[in-house]
Amino acid sequence: RLFGEVGSDRLAAARRGAAELGCTVLLKGDATVVADAEGTTFVNGTGTPWLATAGTGDVLAGILGAVLATGLPAAEAAAVAAHVHGRAGQLAAEEGPLIAGDLVRRLPETLARLRAGEALDVGDLPAGAAQAVFLQGDDVGHALDRVDDAQVLQERLALAQRHAGD
């Protein structure tokens, strides 16, 4: 870890790391935490334990890169990416255990559902989350609608999906 032990207070750890490093930190876990250097913090409760499977963090990194390429600020892009990643994981897990490629294949459906405002169970808030913004599907759908170039996101996710089939 770049900023020491995380400990039991994941919100504090993400905020500390972001402040110390002067950047946005995404702390992946059962409730992914995103914090920026100014202290803005997002908590994402979407996902499934299957997202601990090898390669799914790489999928998250790819989603984040695609969202960043659209021009969203880093903290918001990381929060949106974590939510999309978690929602895709939930959809893929409906069919049982998943691998990273399954997650990628569910991305188009995930984005379509988010843009349509479809509700999906996002889990429980972690302790201390009242201090943070908890993203809901509508928030992510609106963020996706605001991106500078939605076509860039679609193209990059399509490229990732093609590579997942390799």
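This chain uses plain numbering: 1 for the first residue, then up along the sequence.
- Residues satisfying the salt bridge (Lys or Arg N to Asp or Glu O under 4.0 Å) criterion with Glu38, sequence neighbours excluded, are absent altogether.
- Applying the side-chain contact (heavy atoms from CB on, under 4.5 Å) criterion to Ala35, with sequence neighbours excluded, gives Ala14, Arg15, Ala18, Thr41.
- Of all heavy-atom pairs between Pro108 and Val104, the closest is CD-O, 3.8 Å.
- For the atom pair CG of Leu11 and CZ of Phe42, the computed distance is 12.5 Å after rounding to the nearest 0.5 Å.
- Gly17 approaches Val25 most closely through the heavy-atom pair C-CG2, 3.8 Å.
- Using a 4.5 Å heavy-atom cutoff, the side chains of Asp36 and Glu76 are not in contact.
- In this structure Ala37 satisfies the side-chain contact (heavy atoms from CB on, under 4.5 Å) test with no other residue, sequence neighbours excluded.
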task = Decide side-chain contact (heavy atoms from CB on, under 4.5 Å) for His83 and Leu114; before the verdict, give the C-alpha distance in whole Å, the side-chain angles of both, and the deciding distance to 0.1 Å.
result = CA-CA 10 Å; His83 191 90; Leu114 283 167; 3.8 Å; yes

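- Hydrophobic cluster membership for Leu64: Leu68 (Ile, Leu, Val, Met, Phe, Trp, Tyr linked by side-chain heavy atoms under 4.5 Å, directly or transitively).
- Residue Leu91 holds its CG atom at 5.0 Å from CD of Glu109, rounded to the nearest 0.5 Å.
- Annotation: the span from Leu107 atom CG to His85 atom NE2 amounts to 8.5 Å, rounded to 0.5 Å.
- Taking Asp102 as the reference, Arg105 meet the salt bridge (Lys or Arg N to Asp or Glu O under 4.0 Å) condition, with sequence neighbours excluded.
- Between Leu26 and Leu60 there is a side-chain heavy-atom pair separated by less than 4.5 Å.
- Heavy-atom minimum distance, Ala88 versus Thr110: CA-OG1, 3.2 Å.
- Shortest non-hydrogen contact noted between Ile99 and Thr53 is CA-CG2, 4.3 Å.
- With a 4.5 Å cut-off on side-chain heavy atoms, Asn44 and Val34 do not count as touching.
- With sequence neighbours excluded, the residues satisfying side-chain contact (heavy atoms from CB on, under 4.5 Å) with Thr48 are Trp50, Leu51, Ala93, Leu98.
- Side chain of Arg106 to main chain of Arg87: no donor-acceptor pair is present (N/O by atom type, distance under 3.5 Å, no hydrogens or angles).
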